[in-house]
Amino acid sequence: GESDAQAYIPDMIDKLKKDGFAHEDQGALVIDVQEETDTKEIPPCMIQKSDGASLYGTTDLATLVQRVEDYHPDKVIYVVDKRQELHFTQVFRSAKKTGIVPAETELKFLGFGTMNGKDGKPFKTREGGVMRLETLISETAEKMYKKISENHAIEEEEARKTANMIGVAALKYGDLSNQASKDYIFDIERFASFEGNTGPYILYTIVRIKSLLAKYKEQGGVLNDDTKLLAPANESETGVCLTLSRFADMMETAYKELAPHKICQYIYELSESFNHFYHETKILLEEDEERKASYIKLLSLVQKVLESCIDLLGFEAPDKM
């Protein structure tokens with residue numbers, strides 16, 4: 001984003017000088033951001049070097065000029081390496097002090113940790129470089145394709161499409177299920193597993209529900225808004241209902257705390273409680289039609305919640321896998 005803000009820099013610097021916010025310090029142009037309540041020193045924000053060159057602080061401030069002009073945002077969230085926190089403290093204070101950003105606009109720094117390899121060091125390719133995202137996605141999709149091809153007789157085009165969906169889910173869930181600020185081990189074998197707290201396990205649960213709902217329809221079953229959800233018949237069904245009831249509170253917390261890992265933790269718990277219920281209950285063999293319809297209604301609710309959550313996390317489920 002900041003690479004598009006170059007055109008805003010000259011006017012911004014002229015205004016900062018004219019309004020008395022920017023001053024020279026050892027030939028460089030800076031904005032003082034230290035506040036009386038600070039317990040440690042916060043250095044000035046440098047916006048121009050002595051040779052006239054721009055810096056990160058310059059482009060970040062110019063980007064805010066552009067974004068306020070284009071969007072008038074209520075809140076701006078910066079998802080950046082947590083080691084950049086001091087830099088953004090300087091930028092945010094400069095933006096507020098100089099009026100680049102209105103006082104009521106919230107500027108939020110959301111620092112993320114390092115993605116490390118199994119050796120505990122920052123993740124690298126075999127050649128020692130930083131892996132490109134497209135390479136990571138294609139390698140993960142290829143791994144999923146091999147798994148699918150080994151287990152099922154499936155047409156290549158469908159297998160490739162499904163493998164890509166599962167691969168993206170494995171990567172996104174693997175990344176987002178960790179608390180953003182913490183370092184974590186990038187282990188593609190674990191992320192791509194169909195068991196445990198992984199993206200493929202969540203997708204497998206959704207596909208299982210889709211299959212059960214399809215079979216119910218094949219048997220002539222009809223699900224509509226009037227279908228009653230009966231009181232739980234057993235402990236495992238109670239577990240599913242109680243987990244579902246936490247959905248709204250969880251979502252509100254995840255939103256307020258900017259914490260997608262809380263969505264991941266929730267859908268893992270919901271998947272676990274559903275699969276426990278599935279293994280303990282003969283859903284489609286239930287002889288009481290009203291009870292069976294209630295089970296199916298519960299399944300559709302679980303599917304709806306799981307799909308809403310993965311949509312927010314940025315991936316989707318195939319129809320079969």
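We count residues from 1, following the sequence as given.
Ile100 and Leu55 fall into different hydrophobic clusters, defined by Ile, Leu, Val, Met, Phe, Trp and Tyr side-chain heavy atoms under 4.5 Å apart, directly or through other members. Neither Ile13 nor Tyr56 shares a network with the other; the hydrophobic side chains, linked directly or stepwise wherever heavy atoms of I, L, V, M, F, W or Y lie under 4.5 Å apart, form separate groups for each. Placement of Leu230 and Phe274 in two distinct hydrophobic clusters is found when ILVMFWY residues are connected by side-chain heavy-atom separations under 4.5 Å, directly or transitively. Val101 and Val79 are assigned to two separate hydrophobic clusters, defined by single-linkage of ILVMFWY side chains at heavy-atom distances under 4.5 Å. By the rule that hydrophobic residues join a cluster once side-chain heavy atoms approach within less than 4.5 Å of another member, Leu306 and Tyr295 end up as members of one cluster.
Counting only heavy atoms from C-beta outward, the side chains of Leu61 and Ile31 approach each other to under 4.5 Å. Glu158 has its side chain within reach of Lys320: a pair of non-hydrogen atoms, C-beta onward, lies under 4.5 Å apart. Counting heavy atoms from C-beta on, the side chains of Asp175 and Phe186 never come closer than 4.5 Å. Between Thr58 and Leu29, every side-chain heavy-atom pair lies at or beyond the 4.5 Å cut-off. Looking only at side-chain heavy atoms (C-beta outward), Met251 and Ile263 come within less than 4.5 Å of each other. Residues Thr198 and Tyr204 form no side-chain contact, since every pair of their non-hydrogen atoms from C-beta on lies 4.5 Å or further apart. By the 4.5 Å heavy-atom criterion applied to side chains, Lys147 and Met321 are not counted as neighbours. With contacts defined as side-chain heavy-atom distances shorter than 4.5 Å, the pair Glu142/Arg160 qualifies.
Here the CD1 atom belonging to Ile296 is positioned 11.0 Å from the NZ atom belonging to Lys215, to the nearest 0.5 angstrom. Note that SG of Cys309 and CZ of Phe247 are 4.5 Å apart. Values are rounded to the nearest 0.5 Å. Put simply, CD on Gln26 and CE on Met46 are 8.5 Å apart, with the number rounded to the nearest 0.5 Å. With rounding to the nearest 0.5 Å, the separation of NZ in Lys97 from CG in Leu16 is 11.0 Å. To the nearest 0.5 Å, the span separating CZ on Phe112 from CG on Asn178 amounts to 13.0 Å. Summarising the geometry, atom CG belonging to Leu301 is positioned 10.0 Å from atom CD1 belonging to Ile209; distances are rounded to the nearest 0.5 Å.
The six-membered or imidazole ring of Phe92 lies near that of Tyr78, with a centre-to-centre distance under 6.0 Å.
Residues Ile9 and Thr59 approach most closely at CD1-CG2, 4.0 Å, considering heavy atoms. Between Ser273 and Thr243, the closest heavy-atom pair is OG-OG1, 3.6 Å. Closest heavy-atom contact between Leu299 and Leu213: CB-CD2, 4.2 Å. In terms of heavy atoms, Phe109 sits closest to Asp81 at CZ-O, 3.5 Å.
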Go through the steps for Asn275 and Thr205 under the test side chain to side chain donor-acceptor pair (under 3.5 Å), then give the verdict. CA-CA 7 Å; Asn275 284 310; Thr205 303; 3.1 Å; yes
Might you work through the side chain to side chain donor-acceptor pair (under 3.5 Å) test for Glu272 and Tyr201, ending with a clear yes or no? CA-CA 9 Å; Glu272 283 278 85; Tyr201 173 68; 2.7 Å; yes
Go through it in stages, so that I can follow the logic: the residues are Asn116 and Thr114, the test is side chain to side chain donor-acceptor pair (under 3.5 Å), and I'd like the CA-CA distance, side-chain angles, deciding distance and then a yes or no. CA-CA 6 Å; Asn116 298 320; Thr114 313; 4.8 Å; no
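Electrostatic pairing of Lys121 and Asp119 does not count as a salt bridge here, judged by no charged N lying under 4.0 Å from a carboxylate O.
Put simply, the residue from Asp32, Asp38, Asp60 that forms a salt bridge (charged side-chain N to carboxylate O under 4.0 Å, His left out) with Arg93 is Asp38.
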